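So that the names make sense, note that chain A is the first sequence line, chain B the second, and so on, each numbered from 1. Computed from a prediction, not measured in an experiment: that's the story for all the values here.
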Amino acid sequence: MTDRYEPQTIESKWQQKWEETRLYRRVEDPDKEKWYFLTMLPYPSGDLHTGHWYAMAPSDAAARYRRMRGMNVWFPIGFDAFGLPAENAAIKRNIHPHKWTMRNIERMRGQLRQMGTMFDWEHEAITCLPGYYQWNQWFFRKFYDMGLAYRDKAPVDWCPTCNTTLAREQVWGEDRHCERCGTPVIVKELEQWKFRITKYADELLEGLDKIDWPERVKTLQRNWIGRSEGVEFEMKIQGREDLSFRVFTTRPDTTFGMSFAVLAPEHPLVEQITAPEYREEVEAYVAKAKRKSELVRQQEAGEKSGVFIGAYAINPVNGQPVPIWIADYVLMTYGTGAIMAVPAHDQRDFEFARKYGLPTPIVIVPKEVWEAGDASAWSEEAAAAMEAAYTLKEGGVMVNSGPFDGTAWPQSFDATAKWLEEHAAGERKINYRLRDWLISRQRYWGTPIPIIYCPECGTVPVPYEDLPVILPEDAQFRPTGESPLKFHEAFLHVKCPVCGADATRETDTMDTFMDSSWYQYAYVSPYWKEGETLSPDDIPWDKAVGEYWLPVDQYTGGIEHATMHLLYTRFFTKAMRDVGLVDFDEPMLRLFNQGIILGADGEKMSKSRGNVVNPDDYVSKYGADTVRAFLMFIGPWDQGGPWDPRGIEGVHRFLHRVWSLVVDPPKKQHDQPADDKAITDLRRATHKTLLKVTEDYEKFKFNTMIAALMGFSNTLIAAKETPVYGTEAWDEAITSLLLMMAPAMPHISEELWARLGKPYSIHQQPWPEGDPELAKEEVVEIAIQVNGKVRDRIQVAVDADKAGIEAAALASPRVQKWTAGKTIRKVIVVPGRMVNIVAN
RNA sequence: GCCGAAGUGGCGGAAUAGGCAGACGCGACGGUCUCAAAAACCGUUGGGCAUUUGGCCCAUGUGGGUUCGAGUCCCACCUUCGGCACCA
C-alpha cells in the first residue's frame with residue numbers, strides 16, 4: 001500500500017470490487033422506499049464526451065446520495081442505438097451499422113465504468129436489438145388498433161441531407177432547419193405514418209401541473225401545444241346561399257368589427273367562388289403561394305400580400321357583406337384555413353387593411369372611454385389615427401355592436417359565442433398548435449414499421465404473432481442515403497396475412513424517438529419475451545417488477561429535448577395507460593435539466609473550433625473522482641459553463657489534501673488534552689457542514705456542496721495540528737467528511753474509508769445526519785451600522801436579546817464617533833445579523 | 001415582434017421570507033523549501049484615496065423608485081443567451 005494518492009490505482013481496484021460484490025444490483029425490497037433514478041440514455045457515437053460526463057456524473061452522485069439516505073435506488077443505463085450516424089458510417093466507411101454500433105457500445109461501456117457510476121448493468125437495454133424493437137412494433141400495432149396510428153398524405157418536412165422526413169418537433173429555428181444536421185428542410189407532399197398525439201393535447205397540458213419539472217420545460221411544452229380557446233362559426237357566400245365556409249376566432253366579441261374575410265390560398269372554396277374577372281389574378285397568387293411553400297421557406301419580413309377574389313361573405317351578426325380575399329398569412333393547416341378579419345383589433349388584419357385600404361371599424365374600446373361616454377373614440381377619425389390594433393381583452397368594452405354595446409370582457413366573449421352558436425351554426429372550439437407526431441423515416445437503421453400493403457386488402461398490419469419484423473442484415477447501402485429496404489427483395493415481398501396474395505412491406509422505419517419514448521419501461525425487463533410469440537394481451541415487461549419500480553422518480557437530462565423526447569414519452573405513457581399497461585399518467589415525476597459544458601473559450605465544443613475536451617485525457621491524468629468533482633464544482637448544474645483546464649487542478653489539489661489529511665500523521669505531537677471549546681468548535685464545523693452538504697445534495701447544488709467540503713477540509717487541516725487531533729470529535733469529523741464525499745467522489749472515499757479500518761463499503765453506510773443544535777454558534781459577530789454604513793462589529797451571545805444588543809451597539813466608541821452631535825431617531829436590531837442606528 | 005432565462009472582482013462563481021457583497025476555487029503578487037525549476041506549503045489579492053495605529057469613499061448591466069437598510073422588491077431601459085415566429 002502506497003501512501004501517495006494514486007487515483008488510477010485505487011479507482012480501477014474499487015470499480016472491480018464493486019462489480020465483484022454486486023454492490024449496485026437491483027433488489028425489489030417492499031420494505032424500502034424505491035427511487036427510480038434515470039438519466040437520458042446516450043447515443044453510442046463511439047466516445048463518451050464531456051457532455052455525457054456532465055450529465056451523468058452529478059446524476060450518479062445524486063443517486064448515490066439517495067441510496068445512502070436509505071432508499072432502494074435503481075439507476076439503470078442503456079444505449080439509444082438506432083439512428084443516422086451508424087448508417088452514415090456504413091455508407092462512408094462500408095461498415096455495417098450493427099457492427100459499428102455494437103463496437104461503439106463496447107467502448108462506451110468501458111468509459112462509463114471508468115466514471116465510477118453505480119449503473120445497474122444487469123438491466124441494460126440496447127434499442128437496436130430485435131428483443132427491444134419488437135416491442136416498438138408491438139406498440140405500433142396496439143396504437144394502430146386503437147386508432148392512434150394512422151397514415152395520411154399531407155405536406156411534411158423533409159431534410160435533404162438526412163434524406164428523410166422529420167416530425168414538426170425536429171424542425172428548428174427561423175430557417176426551419178433539421179434538428180440533427182442543421183440543413184434547412186423543404187416541404188414535400190407524402191403519405192406518412194403518424195401518431196395521434198393531438199388527442200392528448202389537453203391532457204399533456206394539464207398533466208404539467210402534476211409533475212415536478214422545471215418551469216422552463218413546462219413553458220416550452222405549453223407554448224408548443226399552443227392551446228387557444230375560441231369560436232368556430234359559419235359565413236355564407238353572398239348570392240350563393242348554398243356555399244359557406246367556417247372561420248375560427250378567439251375574439252368573437254369583435255365580430256361586428258369584421259371588414260373583410262380571408263381564405264388561405266389553398267382553401268378549396270377559392271376555386272368555386274372566385275369571380276371570373278378576378279380569376280387570372282387569383283390563380284397567379286395561388287400558384288405563387290404554392291411555389292413559396294415548396295421552396296425553402298423564406299422569411300417574408302412580415303410583409304403581407306393578398307388579392308380580392310370578387311366574392312362577398314355575409315357577417316352573421318349584422319348581415320353585412322364583406323369582401324373575401326385570399327392571403328398567405330392565413331394558413332390552411334391551422335383552424336379552418338379561413339378567418340374573419342377585424343383590423344381594428346388584430347395586428348395582422350390591421351397591417352393588411354392598411355396596405356389595401358380596407359376599413360377599420362372600432363368595436364372595442366377601453367373601459368374608461370366607454371364610461372366617459374366619449375363617442376368620438378370610435379369615430380372614423382379615431383380609426384384612421386390608429387397606429388396599431390387595439391388587442392387588449394381585459395378592460396375592453398363592446399361598442400358599435402348593436403345589442404352587445406357596453407358588454408365587457410369576458411362576458412363579451414360568452415355573449416357573442418352564445419349568439420353565434422344559436423344563429424351561425426357556431427360552436428365553441430379549442431385549437432392547438434400541436435401536430436400529430438410523424439414517425440415515418442425513409443432510412444434503414446431503425447425499427448421497420450410492421451405494415452403490409454396488399455393489392456386486395458389494402459393496408460394490413462402485421463399480426464402480433466408474426467412480430468418482430470426483422471430488419472434484414474444484408475443491406476446494400478447507397479451513397480444517396482436512400483433506404484436499402486426499398487431494394488431488398490426478400491424483405492419487400494411478402495404474402496398478405498389476410499388473403500395470402502402477393503403483397504409488399506412498408507419500407508419506412510420508425511423515428512428513433514419511438515425507442516426513447518418507453519425505454520424507462522424496457523429497463524424493467526430488457527428484451528422481455530425475446531424469441532417468444534407475442535400477443536395483443538402481452539405486457540412488455542415483467543408486471544410485478546414494474547409495479548414496484550414504476551414510474552421514474554427522478555429524471556435528468558438536457559433541455560434540448562423539451563418538445564421532442566420529453567413530450568413524446570409523456571404522450572406514450574398516456575397511450576400505454578389507455579392500452580391498460582400502466583395505471584399512472586406521467587412517466588417521470590421529477591425532472592432536472594443540466595446545462596451544457598462549453599469549451600475553454602466559452603463556446604460550444606465542436607471539432608471545427610478545436611475546443612473539444614476529451615474526458616479520457618483528464619481521467620488518466622487526474623482520475624475519475626477529480627473529473628467528477630470538477631464538473632460539479634464548475635457552477636450551478638443547470639447552468640453549464642466553460643471547462644477551465646486550470647480549474648481542475650484546484651479540485652485535484654483538494655483531493656490530495658484530503659488524502660494527506662486522512663493518511664499522513666500530524667507534524668506536531670501534543671501532550672495536553674484538547675480543551676472543551678476546541679472540541680465544541682470542531683463539532684460545530686462538522687455539523688454545519690453536514691447540514692449544508694445535505695441540503696445541497698437534495699437540491700442538486702453540487703457546486704456549493706463541493707465548496708463546503710473544501711472549506712471543511714481546510715478547517716480540518718488546521719485542526720489536525722492541534723490537540724483535537726485523535727479525539728472522538730476528530731474521528732467524527734473525518735468520518736463525516738468521507739461519507740459526505742462518497743456520492744460525489746466514490747473511489748477516494750472508499751479507499752480512505754478502508755484505510756481507516758472501516759467495514760466495506762462506504763457506499764452502504766447510512767447518511768450522517770447533521771445536528772442543528774451542535775451546529776449552532778454560541779457567539780456571533782454582528783455589524784453595527786450608522787445610517788446604513790457598517791461602523792463597527794461586536795461579538796454577542798447568539799441568544800442575546802434585542803435590548804442587550806442595542807445597548808452594546810450604542811456603547812461602542814466607534815459608533816459614538818459617528819453619532820456624536822446627532823440625534824438618534826431609530827435603532828433597528830436584527831438579532832444575530834446587524835444593528836442599524838438612524839441618526840441625524 | 002412575442003415568451004423564457006440571465007447580467008456580481010482579472011476569471012468560474014457564492015450570497016435572494018431585503019440585513020456585514022465577493023464563500024469556495026482559479027489566476028496574479030510576495031515568501032518558505034531548492035544549486036535551480038516544478039510540485040507542495042504559508043501570506044496578500046474588488047476599485048480608489050489615505051496610511052503611525054484606528055481609517056474614508058465608490059462598487060452587483062443603466063436610470064429611477066420603495067425602505068432604517070436593496071445584488072435581492074417595483075418601474076423603465078440596455079445587453080447576452082435560449083425558444084417561438086403571420087396559430088386567427
Side-chain angles (χ1 to χ4, degrees), chain A residues 172-174 176 214-220 222-224 226-228 230 232 247-251 254 262 264 297 299-304 327-331 333-342 345-349 351-352 431-435 559-560 562-563 595-596 602 630 633-636 638-639 641-651 653-654 656-657 660 667 692 701 703-714 717 780-793 813-814 817 825-840:
Chain A
W172 286 15
E174 218 170 293
R176 294 177 48 78
E215 274 310 314
R216 247 165 94 205
V217 178
K218 292 187 181 184
T219 303
L220 286 170
R222 281 192 193 107
N223 293 344
W224 189 259
R227 176 192 157 105
S228 60
E232 197 180 293
V247 297
F248 174 74
T249 179
T250 55
R251 295 297 302 273
T254 66
V262 186
R297 198 167 122 167
Q299 203 192 352
E300 302 278 273
E303 182 64 29
K304 291 183 179 49
D328 63 4
Y329 82 90
V330 173
L331 310 173
T333 46
Y334 185 79
T336 59
I339 61 158
M340 67 167 192
V342 183
H345 307 296
D346 181 281
Q347 188 58 29
R348 295 151 302 178
D349 300 344
E351 285 163 22
F352 195 83
N431 263 312
Y432 301 91
R433 218 184 67 101
L434 183 71
R435 309 285 167 79
I559 196 160
E560 65 274 15
T563 56
I596 298 169
F630 173 60
F633 185 62
I634 266 177
D638 54 355
Q639 219 172 289
W643 173 280
D644 176 359
R646 286 180 303 202
I648 194 169
E649 300 267 2
V651 175
R653 280 201 280 268
F654 160 62
H656 268 287
R657 281 199 298 270
S660 151
K667 295 186 194 78
K692 169 70 179 157
K701 289 170 75 178
N703 57 329
T704 49
M705 181 272 290
I706 303 273
L709 290 178
M710 285 172 167
F712 185 46
S713 77
N714 290 343
I717 287 163
V780 283
E781 187 187 73
I782 65 168
I784 305 168
Q785 301 177 341
V786 177
N787 293 333
K789 291 198 167 147
V790 179
R791 298 304 181 186
D792 197 8
R793 292 160 211 276
R814 291 194 196 154
K817 193 177 132 193
R825 303 286 174 190
K826 203 173 178 183
V827 180
I828 294 121
V829 180
V830 184
R833 297 281 190 176
M834 43 71 67
V835 176
N836 191 12
I837 299 162
V838 185
N840 61 11

Asks: Does B/G18 have OP1 or OP2 sitting under 4.0 Å from an N or O in the side chain of A/Arg833?
Replies: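 No, A/Arg833 has no side-chain N/O under 4.0 Å of OP1/OP2 on B/G18.
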Asks: Rounded to whole Å, please give me the gap between NZ in A/Lys304 and C1' in B/A88.
Replies: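 Interatomic distance, NZ of A/Lys304 to C1' of B/A88: 11 Å.
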Asks: Mind checking whether A/Ile339 and A/Tyr334 have side chains closer than 4.5 Å, heavy atoms only?
Replies: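 No, too far: nothing below the 4.5 Å cut-off.
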Asks: Check whether any side-chain N or O of A/Asn836 sits under 3.5 Å from a backbone N or O of A/Gly788 as a donor-acceptor pair, and report yes or no.
Replies: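 Yes; at least one donor-acceptor contact below 3.5 Å.
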Asks: Rounded to whole Å, how long is the line connecting atom CZ of A/Phe630 with atom C1' of B/G13?
Replies: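 My rounded result for the distance is 12 Å.
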Asks: Reckon A/Arg227 touches a base, only the sugar-phosphate, or nothing at all at heavy-atom distances under 4.0 Å?
Replies: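 The answer is nothing, as A/Arg227 stays clear of every strand by at least 4.0 Å.
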Asks: Under 4.0 angstrom, heavy atoms only, what part of the nucleic acid is A/Arg653 near: base, sugar-phosphate, or nothing?
Replies: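 If one applies the 4.0 Å heavy-atom cut-off, A/Arg653 turns out to touch the sugar-phosphate alone, with no base involved.
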Asks: Go through it in stages, so that I can follow the logic: the residues are A/Arg251 and A/Asp346, the test is side chain to side chain contact (heavy atoms under 4.5 Å, CB included), and I'd like the CA-CA distance, side-chain angles, deciding distance and then a yes or no.
Replies: CA-CA 9 Å; A/Arg251 295 297 302 273; A/Asp346 181 281; over 6 Å; no
Asks: Figure out the CD/P separation between A/Gln639 and B/G12, and round it to whole Å.
Replies: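 Atom CD in A/Gln639 sits about 11 Å away from atom P in B/G12.
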Asks: RNA chain B: A/Ala783 or A/Thr250, which has the more 5' nearest nucleotide?
Replies: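 Between the two, 5'-proximity favours A/Ala783.
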Asks: Mind checking A/Arg433 for me? I need base, sugar-phosphate or nothing, with any heavy atom below 4.0 Å counting as a touch.
Replies: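 It contacts base atoms.
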Asks: Taking CZ from A/Arg825 and P from B/U67, how many angstroms apart are they, rounded to a whole number?
Replies: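 Answer to the nearest Å: 17 Å.
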Asks: Regarding A/Val330, tell me which of base, sugar-phosphate or nothing describes its non-hydrogen contacts under 4.0 Å with the strands shown.
Replies: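 Base contact.
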Asks: Determine the Euclidean distance between corresponding P atoms of B/G31 and B/G25; express it in Å to zero decimal places.
Replies: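 Pairwise P distance, B/G25 against B/G31, rounds to 23 Å.
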Asks: For a quick check of understanding: with a heavy-atom distance under 4.0 Å over all strands, which category does A/Lys789 fall into, base, sugar-phosphate or nothing?
Replies: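 Result for A/Lys789 = sugar-phosphate.
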Asks: May I have the distance from A/Glu649 (atom CD) to B/A28 (atom P), rounded to whole angstrom?
Replies: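 Atom-to-atom, A/Glu649 to B/A28, this comes out as 12 Å.
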Asks: Can you tell me how far P of B/C86 sits from CG of A/Leu331, to the nearest Å?
Replies: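 Checked: the CG to P distance equals 6 Å.
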Asks: Using a heavy-atom cut-off of under 4.0 Å over every strand shown, decide if A/Lys218 touches base, sugar-phosphate, or nothing.
Replies: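 The answer is nothing, as A/Lys218 stays clear of every strand by at least 4.0 Å.
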